[in-house]
Amino acid sequence: MNLAVKDIRHGLGRFVLTATGIGMLLMVVMGMGGIYRGLVAEATLLVDRSGADLWVVQSGTRGPFAEISRLPRAIEDRVATVPGVLSARAFVSHTIQREHRVRTLRMMIQGLAWPQDRGTWLPLAAGRALRRAHYEMIADTSSGLPLGERVRLGKDTYTVVGLTRRMASSSGDPMAFVTVADALAIQFDVPGEAIRVERAARRARLEDLDLHRTQPQTAERAAGASSMIPALGTEMVSAVLVNVAPGYDAGEVATRIAAWPDVSVFAHEGQRDLLLRGSVDRARRQIGLFTVLLVIVSAVVMALILYTLTLEKLHDIAMLKLMGARNTMILALILQQAVLLGALGLCLAWALGLWIFPYFPRRVVVVDEDLARLAAIVLGIYFAASVLGVRKALAVQPNEVLA
Amino acid sequence: MSAGTALAVEATGLCKTFGKGHTAVEAIRDVSLTVARGELVALLGPSGAGKSTLLTMLGLIVPPSRGRVVLGGTTAFHGGRFRVNVRRFRREHLGFVFQKANLIPFLSALENVQLALELSDVATRRARSRAMELLDYLGVAERARHLPSKLSGGEQQRVAVARALANGPNLILADEPTAALDSVRGRQVMELFRTVAHEQGSAVLVVTHDHRALDVFDRSIEMEDGRLRPAAAVLAR
């Protein structure tokens with residue numbers, strides 16, 4: 001006769017409620033682990049998905065994910081000429097926050113190096129990659145923008161032609177992909193009045209010099225569009241992404257480019273490490289420590305539940321001892337219930353997590369490895385917690401039936 | 001346990017002292033008694049006389065401070081220590097009934113009796129049919145599938161008696177088994193013990209305050225201040 005199963009069937013409602021409580025507690029533990037993994041996944045998403053072997057960034061900086069990196073776009077062409085470089089493309093990345101249809105629209109804008117990069121590598125959930133050099137956008141579904149939506153950014157209107165899923169920045173903002181030219185236009189958009197003021201200021205500065213009298217054409221150009229002034233006209237990008245040709249050593253190519261004094265070069269893994277050690281490191285550690293704390297709290301709660309369950313049965317255990325029950329039967333009564341409670345709690349945690357986590361504003365990644373680790377922890381906690389109850393049960397004297 | 005002897009219990013010079021030094025309380029003082037197989041004996045006395053303590057010592061639940069306990073010819077306690085595996089001995093040779101039935105609340109009446117048999121390694125199917133026979137014998141077979149909480153006090157005590165009888169014990173020890181029952185049901189339980197003693201051949205020692213049912217017993221023993229009173233009345237069967 002299995003006493004544990006009989007006892008559970010007798011108090012099934014209570015057992016299920018207790019298991020549900022434990023399941024929700026474990027779901028929170030699982031969720032914290034998932035948020036931790038989600039943070040890492042989001043942070044490294046772009047670095048991993050971009051497929052670049054090398055990242056060429058502003059000299060002395062750690063790249064666009066760690067700090068501001070600004071490179072003249074011409075570097076792209078210079079890098080492309082290095083032996084062993086299969087392709088070089090400009091990388092522009094910046095975050096915007098605008099009002100769109102009476103709500104705040106916050107996105108990380110990524111520039112795609114048109115025409116060689118049209119976003120075909122993106123995991124499209126709907127729509128298509130870019131087909132035009134301007135005014136098309138691929139947005140993430142978490143931005144809330146539907147296919148065909150028209151979004152005004154700066155002086156131009158962009159049409160959403162494709163939708164990605166789960167493409168978010170390290171800070172959780174949805175990503176939007178446009179061509180590099182459009183990304184720069186969005187980034188450096190200046191109101192007309194500001195342009196007029198700047199031109200007037202340039203003219204005023206020249207009038208203080210003899211230059212406008214000796215070279216009136218220069219004065220005329222300085223008062224015109226910035227793009228017409230060679231010294232001011234160069235575009236700045238965040239980084240240049242490099243793919244190394246087959247048969248070439250990425251290290252050697254990196255060494256060659258790094259010899260230039262105006263750039264720094266990181267391999268894919270280096271950039272990934274920088275990202276994890278930089279922008280998300282504190283958040284990662286914070287969540288990691290909180291998860292540990294949560295595991296400890298859960299262990300204490302579960303131990304108390306098991307101990308209380310055992311205490312409630314002490315009279316019956318005393319009776320069993322009086323009837324001559326062996327210790328193995330009493331141990332089985334406690335341990336089997338503990339394991340069943342833990343297993344059911346874990347299953348509920350998993351099921352609840354699958355149902356609830358997709359509604360979280362940021363990505364929650366639960367992998368099999370974490371689930372197995374949590375199961376092992378729960379099993380360990382339950383055995384450890386059962387020890388308290390078992391000790392109490394074994395210490396019960398049969399004469400306590402008379403109490 | 002030897003089947004040859006006619007005595008179910010033979011206790012000699014039993015003493016029990018709780019505490020030490022000046023706080024020591026002598027609960028049982030030099031008690032000697034015998035109970036024969038098939039005999040129903042009442043153990044009477046006021047509260048604090050030591051009746052329950054004596055019962056727990058005879059049931060190998062609490063060790064005596066001094067003395068000797070022989071159960072069915074086997075020396076169970078002597079020289080300050082148990083001479084048998086007490087849990088196994090209780091399982092195979094003793095039955096207990098208390099004021100409260102103390103049935104396992106999550107087992108049905110049938111399962112409570114069945115468990116006692118399974119503890120003695122009786123196969124499940126055999127234990128189930130034997131448990132049913134016992135419940136039928138005690139008149140609660142129709143309540144076999146019910147949980148203790150669904151049984152009346154009298155029914156619970158009948159199931160407890162069935163459980164005590166499960167392994168054919170030589171000695172059944174009952175501690176105020178009718179205290180929670182009305183006089184009619186109390187008497188029914190006492191008569192049940194008489195039937196059990198005479199038909200099953202088990203010795204039954206019952207601690208009771210209820211003098212109204214004394215005529216049911218073969219014999220009564222009275223205790224006071226931890227001692228047996230010398231002039232115990234012997235009742236006719």
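All values below were derived from every heavy atom in this structure, side-chain atoms included, with hydrogens, water molecules and symmetry-related copies excluded. A, B, ... follow the sequence lines: proteins, then strands. Residue 1 opens every chain.
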For chain A, which of B:Ala116, B:Gly95, B:Pro105, B:Gly59 has the most heavy-atom pairs under 4.5 Å? B:Pro105
When B:Val86, B:Leu119, B:Thr124, B:Asn167 are compared by non-hydrogen pairs under 4.5 Å with chain A, the top option: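 Max contact count across the listed options: B:Leu119.
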Any side-chain to backbone donor/acceptor pair from A:Lys321 onto A:Asn327? Under 3.5 Å, distance only. no
Taking B:Glu118 for its side chain and A:Met1 for its backbone only, find out whether a donor-acceptor pair lies under 3.5 Å.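 Judged by distance alone, yes, a pair lies under 3.5 Å.
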Mind checking the CG-CD1 spacing from A:Leu3 to A:Ile334? Nearest 0.5 Å is all I need. 11.0 Å
Is it the case that atom CZ in B:Phe82 sees more than 12 heavy atoms from other parts of the structure closer than 6.0 Å? yes
Does any heavy atom of chain A fall under 4.5 Å from the side chain of [X], the backbone, both, or neither of them?
X: B:Leu147; answer: side chain
X: B:Leu107; answer: side chain
X: B:Glu111; answer: both

Closest approach of B:Phe98 and A:Leu322, non-hydrogen atoms and distance?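 In this case the closest contact between B:Phe98 and A:Leu322 is CZ-CD2, 3.1 Å.
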State, to 0.1 Å, how close A:Phe357 and A:Gly31 come at their nearest heavy-atom pair, and which atoms those are.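 Heavy atoms only, the tightest pair is CZ-CA, 3.3 Å.
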Check each atom of A:Arg9 against the heavy atoms of chain B and say whether the ones under 4.5 Å are side chain, backbone, both or neither. neither
Side chain / backbone / both / neither for A:Met319 at chain B, heavy atoms under 4.5 Å: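 Interface part for A:Met319: side chain.
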